[in-house]
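Remember, predicted model here, so these are calculated numbers, not experimental data. Convention: sequence-line order gives letters A, B, ...; per-chain numbering from 1.
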Amino acid sequence: MTDDVFFASVSDLNAGLKKHEYSCVELVRAFSERLATLGPRYNALALPLTEIAIRRAKLVDDEIKRERFRGPLQGVPFGAKDLLAVAGQVTSWGAKPYAAQVLDQTATVLTKLDKTGSVLIGKLAMVELAGGPSYRMANASLFGPGLNPWDRTRWSGGSSSGSGSAVAAGLVPFALGSETSGSILTPSAFCGVTGLRPTYGLVSRHGAMALAWTMDKIGPMCRSAEDCGLVLQAIAGGDSEDPGSAGKNFYYTPQYARKFSDLKAGFTAVDLEWAEPEMRPALDAAMQVIRGIGLQTVETKLPEFPYGALAGTVVSAEGSSIFEPLITSGKVDQLADARQIEGLKAGLEIPAKDYLKAMRIRSLVKKEFHRLFADVDVLVAPGRYGIAPKISEPLDGSGGRAAQGARPAAPGMTSLIPAGNLAGLPALSLPCGFAQGMPVALQVVGPPFSENTLLAIGREFQNRTDWHKRRPPVGEA
Amino acid sequence: MKLSRRELAAAAVAVVVAPSGESQTPPPAQDLAKVVHDANRRNADTLAKFEIPISTEPAFQFKA
């Protein structure tokens, strides 16, 4: 198979299967071999599932032969972040204490994808415990630091590190990641892939490791907004096994998207001052494309809340409660990142009054964003304010001018990632250029359940640009 | 006491740009416990200063 297959869209792969250009078994073998061979270059592969995948692929081929078509994901291989359980297989959560953990259930999202005929070929590496309350170094993982396919001396981003690098390098056509506060958007931005963080509750969390019950979301990381829409349609939906489920389905309907000229995109000009200088041309050009699509751009400000303190308190308190047995047993000391270890221990000491105060303020955050979205339809901001950092550097050295001590007067949208996650809002990360040879991304955030609007904007953005089609130098030194 | 926009921006950027939000110089391992406790305390102090209406309920609900 040519390289073009490895970088093809979901729809193109499905069309190729229906036209018998290749079989599902051939496709699964090719991607599995590529994932096994190249995955370790990026520390992206947690667990190959080749044998199971080939057995499944044979069944899919039989269905396609009998013209029993299931939809656009049928026969398409994919990878899943290793916090999603597969019954009878190791699910490590990226962490040494769970390196041999075998669970007896399969995550709802994987069961749903299986029903579409999509084939899981491997579990993908992640930051240990999805990042926990905090981690300092890129090597905070059982699998080592996630390496960026664009420059292996740089981080892939996390905590969905393997998902980001595997999609970017064409090792899987799409992957599932998760986000509590940044873990889909960050690797998507750093690796130059299209990632979608759905509205909280739209996608079932059943069978996924929990980090923060009230903030975790599972979402697709793909080569295009179109692919994200197709995957989200498959994995979304109510689930009685997930107490946080919104009980809503999602149907990807770009044909019914609102006219772009009717949409207002809130942005802040000061965001360009927060971004690293080398990124500004790409971000500026991306905003011109957004305007060119027809969206009216209006200067906006985020509601003023202490988002960092809120997200820190909620994630720390919930995460430490979830992992209380790990902490009290002492096995927490087996984790790779020293700050992660101390953060989990300290999280158990957060008083209830602090957590409750954070959750009360969070009600106001939701209310104020509801008000904001009465004036604008989406928010547009840089996905990250710096390019992917070097893996040898502490992660608090990354992220733009703020980390270098130069702070613009106004905050802009710099807190949009924690803010959006606290409010349960959906977000789409779109590759929009390069700086110093590394991907740059835009994020588009909308009100709850506005995924079709975000995806329509993303699809049109990608009709007018080709950043999402760029390929890293895979296989080179 | 209302937080200034600079204080809000500083607190938000610390989470956005990095999970830890600490200075660039890595602290010695034995100080990390103090670093995280201090971070949690700063978060608590920030939230304590944030005034909210007495009627505000937490963003979760129990249903029988």
Check: Measuring heavy-atom distances to chain B, does A:Leu302 have an atom under 4.5 Å in its side chain, in its backbone, in both, or in neither?
Finding: neither
Margin query: If you compare all heavy atoms of A:Ala346 against all heavy atoms of B:Asn40, which two are closest, and at what distance to 0.1 Å?
Written below: CB-ND2, 3.6 Å
Next item on the list: Give the minimum heavy-atom separation between B:Glu57 and A:Ser363, together with the two atoms involved.
Entry: O-OG, 2.6 Å
Note to self: Quick one, B:Asn43 and A:Ser316 - any side-chain contact, counting heavy atoms below 4.5 Å?
What the structure shows: no
Checklist line | Rounded distance [0.5 Å steps], CZ in B:Arg41 versus CD1 in A:Ile350 | finding: 11.5 Å
Margin query: Check this for me: A:Lys367, atom NZ, are more than 12 non-hydrogen atoms of other residues, nucleotides or ligands nearer than 6.0 Å?
Written below: no
Checklist line | Shortest non-hydrogen separation from A:Ala358 to B:Leu47 and the atoms involved | finding: CB-CD1, 3.7 Å
Check: A:Thr214 versus chain B, heavy atoms under 4.5 Å apart: side chain, backbone, both or neither?
Finding: neither
Checklist line | Partner chain B: residue of A:Leu422, A:Val315, A:Leu364, A:Thr186 with the largest heavy-atom pair count (under 4.5 Å) | finding: A:Leu364
Note to self: If I compare all heavy atoms of B:Phe60 with all of A:Met359, which pair ends up nearest, and what's the gap?
What the structure shows: CD2-CE, 3.5 Å
Item checked: Atom pair OG1 (B:Thr56) and CG (A:Leu356), whose distance is rounded to the nearest 0.5 Å -> 12.5 Å
Item checked: Contact leader toward chain B among A:Met137, A:Arg360, A:Lys353, where contacts are heavy-atom pairs under 4.5 Å -> A:Arg360
Check: What distance do B:Lys49 atom NZ and A:Lys357 atom NZ have between them, rounded to the nearest 0.5 Å?
Finding: 11.5 Å
Next item on the list: Go through the atoms of A:Gln340 and report whether side chain, backbone, both or neither lie under 4.5 Å from a heavy atom of chain B.
Entry: neither
Margin query: Tell me the closest heavy-atom pair linking B:Leu32 and A:Ala338, and the distance in Å.
Written below: CD1-CB, 3.4 Å
Check: Closest heavy-atom contact between B:Ala39 and A:Arg339?
Finding: CB-NH2, 4.2 Å
Check: Does the side chain to side chain donor-acceptor pair (under 3.5 Å) test come out yes or no for B:His37 and A:Glu342, once each step is laid out?
Finding: CA-CA 9 Å; B:His37 278 99; A:Glu342 296 305 329; 6.0 Å; no
Checklist line | A:Phe305 side, atom CZ; B:Thr46 side, atom OG1 - distance, nearest 0.5 Å | finding: 14.5 Å
